[in-house]
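For clarity, every value in this text was computed on a predicted model and none was experimentally measured. By convention here, the first residue in the shown sequence is residue 1.
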Amino acid sequence: MTLASSPSPIRVETGHGDIRTIQPGRTWEQFKHLQKGFENTRGLRLFYYNGTIEILMPGEAHELFKSVIGFLIETFLFSRGIEFKPTGSMTQEKEGIAAAEADESYQIDGYRLSVEVNFTSGDATKLERYQALGVDEVWMWEDGSLVVYHIQTSLSARGHYEAVDRSGIPALSEIDLNLLSACILIGETSRIQAARQLLAAPPARS
C-alpha cells in the first residue's frame with residue numbers, strides 16, 4: 001500500500017517584529033481558500049509561488065520603513081512633475097502560478113515597480129515570484145541598504161533580474177541609490193530631512 005505524502009513542515013521566521021509563516025507543498029486551491037479566509041484581516045500579506053504559501057504579519061519597523069521608501073519615491077516623482085499610479089499592497093496575481101502583496105507598488109510610465117522590506121529571509125524565490133508576475137523592477141530593503149533588481153531584455157538574460165546601480169525605470173533613473181539608502185535611514189526619525197537631502201542632490205550619472 002502506498003501512503004499519501006504529507007505536506008512539508010511549516011516554518012516560522014521572526015525578526016524586528018515581523019512574523020513570516022512559510023508553508024511548502026501547498027496547492028493554488030489551498031492558497032485561494034486561505035486568501036478568502038483572510039480577506040478582511042488588515043495588514044497581513046499573502047504570497048504564493050512554486051507550491052509555497054507565505055503569510056507575513058509585518059511589525060512596526062517593517063511598516064515604518066516601507067512607508068518611508070514609498071514617501072521618498074512619491075516625493076521625488078512629485079518634484080519632477082511625473083504622474084504615477086500608487087497601487088500599494090494590492091494583490092498581484094497570475095492564476096495558478098504566483099501571487100504577491102508587495103509592501104508598496106507603483107505603475108510609472110508603463111513600468112511596474114514593487115518594493116519589499118525584508119527582516120526575515122522568507123522564501124529564496126522572491127525574485128522568481130515577481131518575475132512570474134511580470135514586474136519590471138523590484139526594490140528590496142534589507143540590512144540597512146536598498147538593492148534594486150531590474151528585469152533584463154537582452155537575449156542572454158531575457159526575463160531575469162539583475163542587480164543594477166541605477167533604476168531601469170526612466171522616471172527614477174536620476175536617483176543616486178546610495179544616497180537614497182542613506183535618506184531612508186534618515187527618514188526613520190525625520191521624513192522632512194530625508195526628503196530635503198534627496199531633492200537637494202544632483203542627478204545620478206552613468
Side-chain angles (χ1 to χ4, degrees), residues 8-24 26 31 34-35 37-50 52-76 86-92 98-106 113-131 133 135 137-150 161 163-164 167 172 175-198:
S8 301
I10 294 174
R11 189 168 82 251
V12 178
E13 297 181 352
T14 60
H16 293 273
D18 284 5
I19 302 174
R20 188 184 299 270
T21 305
I22 302 166
Q23 303 180 8
R26 300 313 197 260
F31 169 72
L34 191 66
Q35 188 181 55
F38 281 123
E39 62 185 358
N40 294 319
T41 304
R42 295 186 61 185
L44 183 143
R45 296 185 190 114
L46 297 173
F47 306 83
Y48 179 88
Y49 180 69
N50 198 27
T52 295
I53 295 172
E54 289 187 28
I55 305 170
L56 172 65
M57 291 185 289
E60 182 178 351
H62 190 122
E63 295 295 85
L64 171 62
F65 278 106
K66 75 101 177 177
S67 296
V68 168
I69 295 169
F71 166 73
L72 292 174
I73 289 171
E74 295 179 21
T75 296
F76 180 86
T87 46
S89 297
M90 77 169 192
T91 302
Q92 303 176 67
E101 295 175 355
D103 288 307
E104 298 286 359
S105 63
Y106 297 91
L113 168 66
S114 289
V115 177
E116 274 210 24
V117 173
N118 291 332
F119 285 137
T120 61
S121 63
D123 189 349
T125 61
K126 281 186 174 74
L127 288 176
E128 293 178 17
R129 182 171 63 210
Y130 283 111
Q131 179 182 325
L133 293 168
V135 175
E137 193 162 281
V138 180
W139 290 17
M140 288 196 177
W141 176 257
E142 191 169 17
D143 296 329
S145 64
L146 183 71
V147 182
V148 171
Y149 298 91
H150 192 83
Y161 290 108
V164 294
S167 173
L172 300 173
I175 297 178
D176 182 320
L177 296 179
N178 290 326
L179 172 66
L180 180 57
S181 288
C183 290
I184 292 168
L185 290 171
I186 293 169
E188 186 177 5
T189 54
S190 174
R191 295 192 185 195
I192 293 173
Q193 190 63 30
R196 283 176 176 166
Q197 291 207 24
L198 179 65

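Atoms CD1 and NE2, on Ile19 and His62 in that order, are 12.5 Å from each other to the nearest 0.5 Å. One distance of note links OG1 of Thr52 with CD1 of Ile22; it measures 8.0 Å at 0.5 Å rounding. To the nearest 0.5 Å, the span separating CZ on Arg129 from CZ on Phe47 amounts to 5.0 Å. In this structure, CD on Glu137 lies 5.5 Å from NE2 on His150, to the nearest 0.5 angstrom. Expressed to the nearest 0.5 Å, how far CZ of Phe76 lies from SG of Cys183 amounts to 11.5 Å. From Ile186, atom CD1 reaches atom CG of Leu179 across 7.5 Å, with rounding to the nearest 0.5 Å.
Counting heavy atoms of neighbouring residues, nucleotides and ligands inside a 6.0 Å radius, atom CD of Glu39 exceeds 12 of them.
Among residues at least two apart or in separate chains, there is no side-chain hydrogen bond (donor to acceptor under 3.5 Å, both in side chains) pair with a member in residues 187-198.
With Glu54 as the fixed residue, the salt bridge (charged side-chain N to carboxylate O under 4.0 Å, His left out) test singles out one of Arg26, Arg20, Arg45: Arg20. When the options Val164, Leu180, Val115, Ile175 are evaluated for a side-chain contact (heavy atoms from CB on, under 4.5 Å) with Val148, the one that passes is Val164. Tested against Phe65, the residues Leu146, Val117, Asn118 include a single side-chain contact (heavy atoms from CB on, under 4.5 Å) partner, Val117.
For Ser181, there are no side-chain hydrogen bond (donor to acceptor under 3.5 Å, both in side chains) partners at least two apart in sequence or on another chain. Residues passing the side-chain hydrogen bond (donor to acceptor under 3.5 Å, both in side chains) test with Glu101, sequence neighbours excluded: Thr91. Listed by chain and residue number, Trp28, Tyr48 satisfy the ring pair (Phe, Tyr, Trp, His ring centres under 6.0 Å) test with Phe31 (two or more places apart in sequence, or in another chain). Not a single side-chain hydrogen bond (donor to acceptor under 3.5 Å, both in side chains) links Asp176 to another residue, sequence neighbours left out. Among residues two or more places apart in sequence or in another chain, the ring pair (Phe, Tyr, Trp, His ring centres under 6.0 Å) test is passed with Tyr130 by none.
Contact annotation: the side chain of Glu74 approaches that of Tyr106 to within less than 4.5 Å [non-hydrogen atoms, C-beta and beyond]. Contact check for Val135 versus Gln92: side-chain heavy atoms found under the 4.5 Å cut-off.
Nearest heavy atoms, Ile184 versus Val68: O-CG1, 3.8 Å. Contact between Pro24 and Pro9 at its shortest, heavy atoms only, is CD-O, 3.4 Å. Nearest heavy-atom pair across Glu104 and Gly70 is CG-CA, 4.4 Å. Of all heavy-atom pairs spanning Leu72 and Leu198, the tightest one is O-CD2, 3.7 Å. For the residue pair Asp18 and Gly59, the shortest heavy atom distance occurs at OD1-N, 2.7 Å.
In this pair, Phe119 and His16 present their aromatic rings tilted. The plane angle is within the 30 to 60° band.
No donor-acceptor distance shorter than 3.5 angstrom exists from the side chain of Ser105 to the backbone of Leu113, with no hydrogens or angles considered. Asp103 places no side-chain N or O within 3.5 Å of a backbone atom of Lys66 that could act as its donor or acceptor partner.
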Next item on the list: Check the pair Glu142 / Lys126 against salt bridge (charged side-chain N to carboxylate O under 4.0 Å, His left out), numbers first and verdict last.
Entry: CA-CA 13 Å; Glu142 191 169 17; Lys126 281 186 174 74; over 6 Å; no

